[in-house]
Amino acid sequence: MSAGWTEERVVRLRELWGSGMTAAQIADELGDVTRNAVIGKANRLGLSKPGRPRSVKPKPSPRRHIAPRPAQGLRPEPEETPEAPLAPPPPPGALPQHRRCQFPIGHPGDDDFRFCDHETVSGKPYCNYHCRVAYRQRVAAA
DNA sequence: CCCTGATTCGC
DNA sequence: GCGAATCAGG
């Protein structure tokens, strides 16, 4: 079964990728994807560092042949993350669990891994800050 | 030979 | 858009 790249999974990918996790680790964490899929998706998202622009390749015809691709050149840089929520989350019991931001903080599997726990915005599973992080590209048009 | 991310290109 | 195959570097 292939769970497509839902927004939640994309968000996890972004966080994990930025957290210094390797593609293999991320793939294992997300599950149901290979590291190639993770890297491929990361590339499409505009992540990935232009450190090694692999270009010089004869490309004899290992698979099939030509495809009129005009090259990709520049890719849009992702916006910088907005202001981080420095304020501490509400104390336990101050909010019902379903009103707490479910955004993962830290490295999954790590000892201090936890969730954001700030108050959520509306019906969203995340707080104001993480909604912007999570749904950055969405809610644009119009 | 193991791993890493990056790119290409058929689907 | 997706991801295996492939590449290139450590």
Side-chain angles (χ1 to χ4, degrees), chain A residues 1-92 95-142:
Chain A
M1 248 318 256
S2 311
W5 284 106
T6 62
E7 285 182 61
E8 267 192 47
R9 282 165 68 95
V10 171
V11 169
R12 301 264 282 141
L13 170 59
R14 296 193 99 129
E15 278 297 300
L16 271 35
W17 189 275
S19 293
M21 298 242 329
T22 66
Q25 282 285 94
I26 296 170
D28 188 64
E29 173 64 32
L30 290 173
D32 205 33
V33 279
T34 65
R35 76 178 194 91
N36 286 345
V38 169
I39 292 170
K41 183 57 179 176
N43 249 305
R44 272 167 250 130
L45 286 171
L47 300 163
S48 78
K49 298 153 300 218
R52 293 179 358 278
R54 196 176 61 103
S55 302
V56 53
K57 273 301 111 168
K59 277 286 174 165
S61 294
R63 219 160 281 101
R64 291 304 129 81
H65 69 95
I66 52 95
R69 300 186 68 272
Q72 52 189 71
L74 302 175
R75 75 180 71 76
E77 291 184 37
E79 290 184 20
E80 296 179 31
T81 52
E83 39 191 298
L86 298 177
L95 289 173
Q97 192 58 39
H98 71 278
R99 294 280 289 138
R100 286 180 179 278
C101 178
Q102 298 173 40
F103 201 93
I105 303 295
H107 299 186
D110 208 349
D111 196 35
D112 59 341
F113 173 71
R114 83 284 189 194
F115 292 98
C116 172
D117 276 346
H118 279 81
E119 186 175 357
T120 56
V121 173
S122 52
K124 302 289 180 58
Y126 303 123
C127 69
N128 182 40
Y129 165 71
H130 285 125
C131 272
R132 275 176 294 174
V133 175
Y135 306 116
R136 209 177 282 179
Q137 195 175 26
R138 297 271 307 188
V139 289

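Within every chain, numbering begins at 1; the chains are lettered A, B, ... in the order of the sequence lines, protein sequences first and strands thereafter. What you see below is based on every heavy atom in this structure, not just the backbone, and it leaves out hydrogens, waters and symmetry mates. Bear in mind that the values here come from a model prediction, so they are computed numbers and not experimental data.
Nearest approach of A:Leu95 to A:Pro90, heavy atoms of both residues: CD1-CG, 3.7 Å. The heavy-atom pair separating A:Lys41 from A:Val10 by the smallest distance is CE-CG2, 3.8 Å. Residues A:Arg9 and A:Gly31 approach most closely at NH2-O, 3.3 Å, considering heavy atoms. Here the closest non-hydrogen pair linking A:Trp17 and A:Ser48 is NE1-N, 4.1 Å.
OP1 or OP2 of C:dC2 sits under 4.0 Å from a side-chain N or O of A:Lys41. The side chain of A:Trp17 places no N or O atom within less than 4.0 Å of a non-bridging phosphate oxygen (OP1 or OP2) of B:dG5. Regarding contacts with the backbone of B:dG5, every side-chain N or O of A:Ser48 stays at 4.0 angstrom or more from both OP1 and OP2.
Counting any heavy atom pair closer than 4.0 Å across all strands shown, A:Ala24 reaches sugar-phosphate atoms only and no base atom.
Every residue two or more places apart in sequence or in another chain was checked for a side-chain hydrogen bond (donor to acceptor under 3.5 Å, both in side chains) with A:Arg44, and none qualifies. Among residues two or more places apart in sequence or in another chain, the side chain to side chain contact (heavy atoms under 4.5 Å, CB included) test is passed with A:Pro96 by A:His98, A:Arg99.
Taking atom CG on A:Asn43 and atom P on B:dC9, their separation rounds to 14 Å, with Å as the unit. Counting to the nearest Å, the C1' atom of B:dG5 and the CG atom of A:Asp28 are 17 Å from each other. In this structure, the CD1 atom of A:Ile26 is 14 Å from the P atom of C:dG3, given to the nearest Å. The distance from atom CZ of A:Arg44 to atom C1' of B:dG5 is 14 Å, rounded to the nearest whole Å. The distance between atom CG of A:Leu45 and atom C1' of B:dA6, rounded to the nearest whole Å, is 14 Å. A:Asp32 has its CG atom 11 Å from the P atom of C:dA4, to the nearest Å. Look at CG on A:Leu13: it is 12 Å from P on B:dA6, rounded to the nearest Å.
In the region residues 33-40 of chain A, proximity to DNA chain C at under 4.0 angstrom, judged on heavy atoms, holds for A:Thr34, A:Asn36, A:Ala37.
Of the candidates A:Ile26, A:Asp28, A:Val38, A:Ile26 is the only one forming a side-chain contact (heavy atoms from CB on, under 4.5 Å) with A:Met21.
Out of B:dA6, C:dC2, B:dT4, the shortest distance to the side chain of A:Trp5 is found at C:dC2.
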